[in-house]
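Structure first, then comments.
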Amino acid sequence: VNGIVDCGNCHTPQGPGGPVAERELAGGTPFVEEPFTAYASNITPDPETGIGRWTDEQLITAIREGKRPDGSLIGPPMPFSFYRGLSDGDLRAIVAYLRSVPPVRHSVPKSEYRMALPAAYGPPVGAVAEVPRTDPVTYGAYMAGPLGHCMECHTPMLPDGRLDMTRAGAGGRNFTGPWGNAVSRNITQDKEHGLGAWTDAEIRKAITEGVRPDGSRLSPPMGYHYYRSMSDSELGALVAYLRTLPPTR
């Protein structure tokens, strides 16, 4: 949660310099897109305004399938297309950590959708096996997808609110918050606009420290506050996967 998954990047209120530590996972951050105005929910164990009364299985269903205990659907920008691939072990570890967070009483506004939500994001997920770490590219794809959902921010959005996965990693999304307006970068292997001319070390520094090769800083909501805790092998796998993204201008 405090590494590649970086739940707090959405669910912890943000100040100009990043997450507000004493309100970890208390929700309330607004996400304004053409098809919706969504508010990150309170996922602390507060029984009134958070998830304190939810069972582990209800939390797993909410994270993977986007369904609350009352049967209602959670809308974007929760990246369910990626979270459906979370392994059983990783998901139960996430739930265990959420149980340990100090409860924060914080009521969050209801999200508004100017788009039709589906009846469901797919059939029930069932069991998902662990992803082996023996192949760096395969494990890197798992980190960039189900775990870290990098592509959720770094992929352009279609008018109906779906991601344009034909341009995965091409960037261009706008994110407005206390930091001002940030635009997600092109992380494909395009040498002019993406990461194609960057070294592995430069990519790692951008991910973990928020610093580009020219010394300029990346803005929130890039979650380098969380990514800096990633292990060397995790970073190596993530970079190995990014090297496989076709260059997109």
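If you read the sequence from its start, that first residue is 1, and numbering goes on from there.
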In sequence, state the C-alpha distance, the side-chain angles, and the governing distance for Arg84 and Glu65, and then conclude on salt bridge (charged side-chain N to carboxylate O under 4.0 Å, His left out). CA-CA 6 Å; Arg84 290 176 67 84; Glu65 302 178 26; 5.3 Å; no

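In the model, Thr188 has no side-chain atom that pairs as donor or acceptor with a side-chain atom of Asp190 under 3.5 Å.
Here Glu209 does not pair with Arg228 in a salt bridge; the nearest charged N to carboxylate O distance is not below 4.0 Å.
The backbone N or O of Leu25 lies less than 3.5 Å from a partner atom in the side chain of Thr12, making a donor-acceptor pair. With hydrogens and angles disregarded, no donor-acceptor distance shorter than 3.5 Å links the side chain of Ser216 to the backbone of Arg212. In terms of modelled atom types and a separation under 3.5 Å, the side chain of Asn181 and the main chain of Asn174 share no donor-acceptor contact. In this structure, the side chain of Asp56 does not engage the main chain of Val95 through any donor-acceptor pair within 3.5 Å. Using a distance-only test at 3.5 Å, with no hydrogens or angles considered, no donor-acceptor pair links the side chain of His154 to the main chain of Gly171. Panel note: side chain Ser229, backbone Tyr226; a donor-acceptor pair is recorded below 3.5 Å. Side-chain atoms of Tyr121 come within 3.5 Å of backbone atoms of Ile74 as a donor-acceptor pair (strictly under, hydrogens ignored).
Cation-pi geometry between Arg204 and Tyr227 is not met at under 6.0 angstrom from the ring centre and within 45 degrees of the axis.
Remark: aromatic rings of Tyr139 and Tyr142 are close, center separation under 6.0 Å.
Looking at residues two or more places apart in sequence or on another chain, you find a side-chain hydrogen bond (donor to acceptor under 3.5 Å, both in side chains) between Thr37 and Arg114. Applying the side-chain contact (heavy atoms from CB on, under 4.5 Å) rule to Arg243 yields the partners Gln189, Asp200, Ile203, Val239; only residues at least two apart in sequence or on another chain are considered. Shown here are the side-chain contact (heavy atoms from CB on, under 4.5 Å) partners of Ser100, two or more places apart in sequence or in another chain: Tyr97.
In this pair, His149 and Tyr83 present their aromatic rings perpendicular. The plane angle is above 60°, beyond the 30 to 60° band.
A heavy-atom distance below 4.5 Å is found between the side chains of Arg64 and Val128.
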